[in-house]
Amino acid sequence: GQSLEQPSEVTAVEGAIVQINCTYQTSGFYGLSWYQQHDGGAPTFLSYNALDGLEETGRFSSFLSRSDSYGYLLLQELQMKDSASYFCAVPRSGAARQLTFGSGTQLTVLP
Amino acid sequence: SQTIHQWPATLVQPVGSPLSLECTVEGTSNPNLYWYRQAAGRGLQLLFYSVGIGQISSEVPQNLSASRPQDRQFILSSKKLLLSDSGFYLCACNRPDQETQYFGPGTRLLVL
């Protein structure tokens, strides 16, 4: 089976940097994805790491260490609009590529 | 890029009534399609997925069923709703060669 662990809540102030961690257990590993979901909205894709290392996209970066079964999402220069839930996810093997999601981390950005 | 349409946006239904939620996809052919349910403040639970027309796989035993009558159409149904069917229903798709899933706007279902 597959399981992912991430913190349930994180709070930070505007302009700060925050890191959301995700550890996973999978029977086969293909990569780690991150999604953002604002209250009442649908999840949107942020990043995907298949290889070890850091991937940067603007203010957001995502890191993966396959040997540690660990990844994180790094958000820099936090803005109020970054307040949302963030989910890590891993795909399963097979043609359907189903995703197993973590339970989500609620990020609150304070002024 | 893919666009996913879902309707209705909000639905209030009495217990025991039937349900039909529709999802259509634009901008890609032969997508993988998924139905998720999300309880308030919780993660996403995969309900059904489909790799092609008429091919449906169920993730969890439940009161719901799914159908894929056309390549880019995915329908979630129930004959008799239960209170526990309340939730936020999300349709998603991806190209078979990609990991990224794209989500529709969702349907918020309240069963009373």
Side-chain angles (χ1 to χ4, degrees), chain A residues 1-10 20 22 24 26 28-51 55 57 60 62 64 71 83-108, chain B residues 1-7 9-10 21 23 25 28 30-53 55-60 66 68 74 87-110:
Chain A
Q2 298 178 304
S3 66
L4 299 98
E5 296 261 350
Q6 51 181 130
S8 58
E9 296 178 344
V10 173
I20 300 174
C22 175
Y24 57 85
T26 62
F29 181 76
Y30 302 92
L32 184 69
S33 297
W34 288 93
Y35 288 78
Q36 177 192 59
Q37 185 181 28
H38 286 99
D39 270 352
T44 56
F45 172 78
L46 291 177
S47 68
Y48 176 69
N49 294 64
L51 302 175
E55 298 270 348
T57 309
F60 292 6
S62 56
L64 175 66
S83 292
S85 290
Y86 293 84
F87 295 89
C88 56
V90 293
R92 303 180 210 172
S93 61
R97 311 303 281 177
Q98 309 98 299
L99 287 177
T100 300
F101 285 84
S103 55
T105 298
Q106 176 68 49
L107 171 64
T108 302
Chain B
S1 64
Q2 297 94 325
T3 301
I4 303 178
H5 302 278
Q6 282 186 251
W7 62 91
T10 307
L21 301 181
C23 166
V25 178
T28 187
N30 195 30
N32 292 331
L33 297 174
Y34 311 86
W35 277 112
Y36 292 90
R37 178 170 58 205
Q38 187 176 35
R42 305 291 295 275
L44 294 102
Q45 180 187 32
L46 180 63
L47 302 176
F48 300 95
Y49 62 92
S50 171
V51 298
I53 297 173
Q55 300 179 61
I56 308 294
S57 297
S58 174
E59 282 286 294
V60 293
R68 185 171 177 174
F74 206 21
F88 189 39
Y89 288 84
L90 290 152
C91 178
C93 79
N94 69 352
R95 282 173 39 182
D97 60 339
Q98 289 186 343
E99 305 298 340
T100 304
Q101 287 192 12
Y102 297 91
F103 286 80
T107 295
R108 204 163 298 278
L109 172 66
L110 179 61

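Naming: A, B, ... by sequence-line order, numbering from 1 per chain.
Considering only residues two or more places apart in sequence or on other chains, A:Phe101 meets the ring-ring contact (aromatic ring centres under 6.0 Å, His included) condition with A:Tyr35, B:Tyr36.
Contact of A:Gln37 with chain B is made through the side chain alone, with heavy-atom distances under 4.5 Å. Contacts of B:Gln38 with chain A are made by side-chain atoms alone, with heavy-atom separations under 4.5 Å and no backbone atom involved.
Of the listed residues A:Ala89, A:Gly40, A:Ser85, A:Pro43, the one with more heavy-atom pairs under 4.5 angstrom with chain B than any other is A:Pro43. Highest contact tally toward chain A, considering only B:Arg108, B:Arg42, B:Glu59, is held by B:Glu59 [criterion: heavy-atom pairs under 4.5 Å]. Of the listed residues (B:Leu90, B:Thr100, B:Val51), the greatest number of heavy-atom pairs within a distance under 4.5 Å of chain A belongs to B:Thr100. Among the candidates A:Ser103, A:Ala96, A:Gly102, the residue making the largest number of heavy-atom pairs closer than 4.5 Å to chain B is A:Ala96.
From A:Thr100, atom OG1 reaches atom CG of B:Leu44 across 11.0 Å, with rounding to the nearest 0.5 Å.
The main-chain N or O of A:Arg97 is never found under 3.5 Å from a side-chain atom of B:Tyr49 such that the two would form a donor-acceptor pair.
Minimum interatomic distance between B:Pro105 and A:Ala42 (heavy atoms only, all atoms of both residues): CA-CB, 4.2 Å. A pairwise comparison of heavy atoms in A:Gln98 and B:Tyr34 identifies CA-CE2, 4.0 Å as the closest pair.
In B:Gln55, the CD atom is crowded: over 12 heavy atoms of neighbouring residues, nucleotides or ligands sit closer than 6.0 Å.
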